[in-house]
Amino acid sequence: MGDITWREIIACGASLTAVVFSLKLLYSSSETLTELSPPEIGVEGLIGNTPMMKVKSLSKITGNNVYAKLEFMNPGGSAKDRVALAIIRDEERKGHLKPGDVIFEGTSGSTGISIATVANSLGYKTEIHLPDDTSPDKLALFDTLGAGLVKVKPASIVDPDQYVNSAKKAADKLNSSDSEKNGVFADQFENDSNWRVHFNTTGPEIYRQLQGKVDYFIAGCGTGGTIAGVSKYLKSKLSNVTTILADPQGSGFFNRVKYGVMYTNEEKEGTRRRHQVDTLVEGIGLNRITHNFSIGEDYIDDSIKVTDEQALQMAKFLSVNDGLFIGSSTAINAVAVVKLCKETGIKNKNIVIVACDSGTRHLQKFWKYAVEVPNEITVDDIVS
């Protein structure tokens with residue numbers, strides 16, 4: 001066995017079973033055993049290449065193939081792992097980070113968790129600034145990661161104490177001090193690394209996993225990085241793919257996409273003092289144009305508005321019917337699928353949604369109410 005190669009085994013017309021058996025012999029032989037090196041990667045090496053699953057219930061009900069890109073299976077639990085790693089690696093290439101330095105970020109939760117996860121693996125510290133009404137489950141995760149936390153009152157971006165502005169000020173303060181540590185402001189909303197990592201990784205993965213057969217891509221929009229990067233990539237490959245932005249109540253993206261004006265029905269642009277209006281949804285929805293959204297705006301074809309009630313009902317529906325335990329932003333995307341199919345009557349299309357994070361981060365806020373939805377809820381009940 002020592003001199004037999006893979007090519008020779010296959011050339012002999014061996015069955016798959018024979019090939020596997022031969023492989024075992026090949027690697028069990030003391031004459032041919034090659035010393036295999038143990039893996040050298042840490043948590044950061046596990047980011048990306050997330051699985052795609054078919055959402056059986058929605059596929060059957062709508063008459064289309066509905067797929068979910070399971071971004072919550074990244075090691076940090078969300079799509080934001082990709083962004084965190086990309087930002088940190090770019091800062092390293094620029095020479096802005098050395099072990100022990102501090103990464104600052106303003107976030108509603110998931111990006112901060114991802115930054116803390118990756119930073120811990122790579123030897124950096126983190127300080128996360130976030131709204132004080134962030135879900136308790138996310139706050140608990142920060143504690144497990146040992147991240148520094150600064151909680152601020154929810155406010156508009158024009159407020160100097162809004163969480164993004166607060167994080168930037170803290171980084172600037174560290175850099176102007178006598179400390180040997182450097183402070184880096186991740187700036188996920190405006191950082192090009194955000195949309196680029198989705199263009200370079202998430203988009204190509206979706207394209208490969210569906211063998212280039214993608215008719216609709218549906219995602220929410222917070223920073224805008226995911227929808228911008230994925231849409232830009234898919235449209236570079238496919239002439240007929242349609243991108244739809246799923247938007248929660250209180251967010252202005254729906255009106256921006258539909259009517260070209262960034263405002264909500266509740267308040268006009270520029271007057272808001274809170275980051276969102278009466279919504280349980282975290283991670284998506286905004287009332288300002290970010291750099292990442294502007295990169296992808298021309299690639300977004302339509303938008304669908306989803307209420308909190310619909311998201312709660314869909315979350316329970318998918319958990320009961322598919323065993324898919326999702327967070328609020330994923331539920332928004334799933335409702336948008338049903339609304340799209342009901343409004344257009346499309347059939348036999350491939351529709352991809354982003355499953356951003358799991359329900360484990362929303363147990364005490366979003367799922368506190370979703371769990372009360374009857375197990376018998378139907379899709380017709382949700383979008384009627």
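Few gaps surround CE on Met53; more than 12 heavy atoms of other groups in view lie less than 6.0 Å from it. Around CZ of Phe325, the count of heavy atoms belonging to other residues, nucleotides or ligands within 6.0 Å exceeds 12. Within a 6.0 Å radius of CG in Asn240, other residues, nucleotides and ligands contribute 12 heavy atoms or fewer.
The cluster map of Ile, Leu, Val, Met, Phe, Trp and Tyr, joined by side-chain heavy atoms under 4.5 Å apart, puts Leu245 and Val241 in the same cluster. Hydrophobic clustering (ILVMFWY, side-chain heavy atoms < 4.5 Å, transitive): Leu141 and Ile115 are in distinct clusters.
Note on Glu105 versus Lys80: no salt bridge recorded, every NZ/NE/NH1/NH2 to OD/OE distance being 4.0 Å or above. Using a 4.0 Å cut-off between charged side-chain N and carboxylate O, Asp101 and Lys98 make a salt bridge. Taking 4.0 Å as the cut-off between side-chain N and carboxylate O, Lys368 and Asp137 do not count as a salt-bridged pair. The residues Asp161 and Lys169 are annotated as salt-bridged, a charged nitrogen and a carboxylate oxygen being separated by less than 4.0 angstrom. Under a 4.0 Å N-O distance rule, the pair Asp172/Lys168 qualifies as a salt bridge. Comment: Lys258 engages Asp302 in a salt bridge, judged by a side-chain N to carboxylate O separation of less than 4.0 angstrom.
Residue Leu58 holds its CG atom at 7.0 Å from CD1 of Ile353, rounded to the nearest 0.5 Å. To the nearest 0.5 Å, the span separating CD1 on Ile300 from CZ on Arg256 amounts to 10.0 Å. Once rounded to the nearest 0.5 Å, the distance linking CG of Asn65 with OH of Tyr216 reads 13.0 Å. To the nearest 0.5 Å, atom CZ of residue Phe217 and atom CD1 of residue Ile351 are 13.0 Å apart. Expressed to the nearest 0.5 Å, how far CD of Glu297 lies from CD1 of Ile227 amounts to 10.5 Å. The CG atom of Asp301 lies 11.5 Å from the OH atom of Tyr299; values are rounded to the nearest 0.5 Å.
When each of Thr62, Asn321, Asp322 is tested with Ser57 by the rule side-chain hydrogen bond (donor to acceptor under 3.5 Å, both in side chains), just one qualifies, namely Asp322. Screening Val354, Thr360, Leu324 against Phe72 for a side chain to side chain contact (heavy atoms under 4.5 Å, CB included) leaves a single residue, Leu324. Of the candidates Glu205, Lys69, Arg208, Lys69 is the only one forming a side chain to side chain contact (heavy atoms under 4.5 Å, CB included) with Met52.
With a 6.0 Å cutoff to the six-membered ring centre and a 45° limit on the axis angle, Arg288 counts as a cation-pi contact of Phe189.
In this structure, the ring of Phe185 has its center no less than 6.0 angstrom from the ring center of Phe104.
Side-chain contact annotation: His291 with Asn194, donor-acceptor N/O pair under 3.5 Å absent.
Here the closest heavy-atom approach between residue Asn287 and residue Gly250 is recorded as ND2-O, 3.2 Å. The minimum heavy-atom distance linking Val373 with Leu312 is given by the pair CG2-O, 3.9 Å. Closest non-hydrogen pair, Thr223 versus Asn292, comes out as O-CB, 3.3 Å. For Ser193 against Asn191, the heavy-atom pair with the smallest separation is N-OD1, 2.9 Å. Summarising the geometry of Gly112 relative to Ile128, their closest heavy-atom pair is CA-CD1, 3.8 Å, with the distance given to 0.1 Å.
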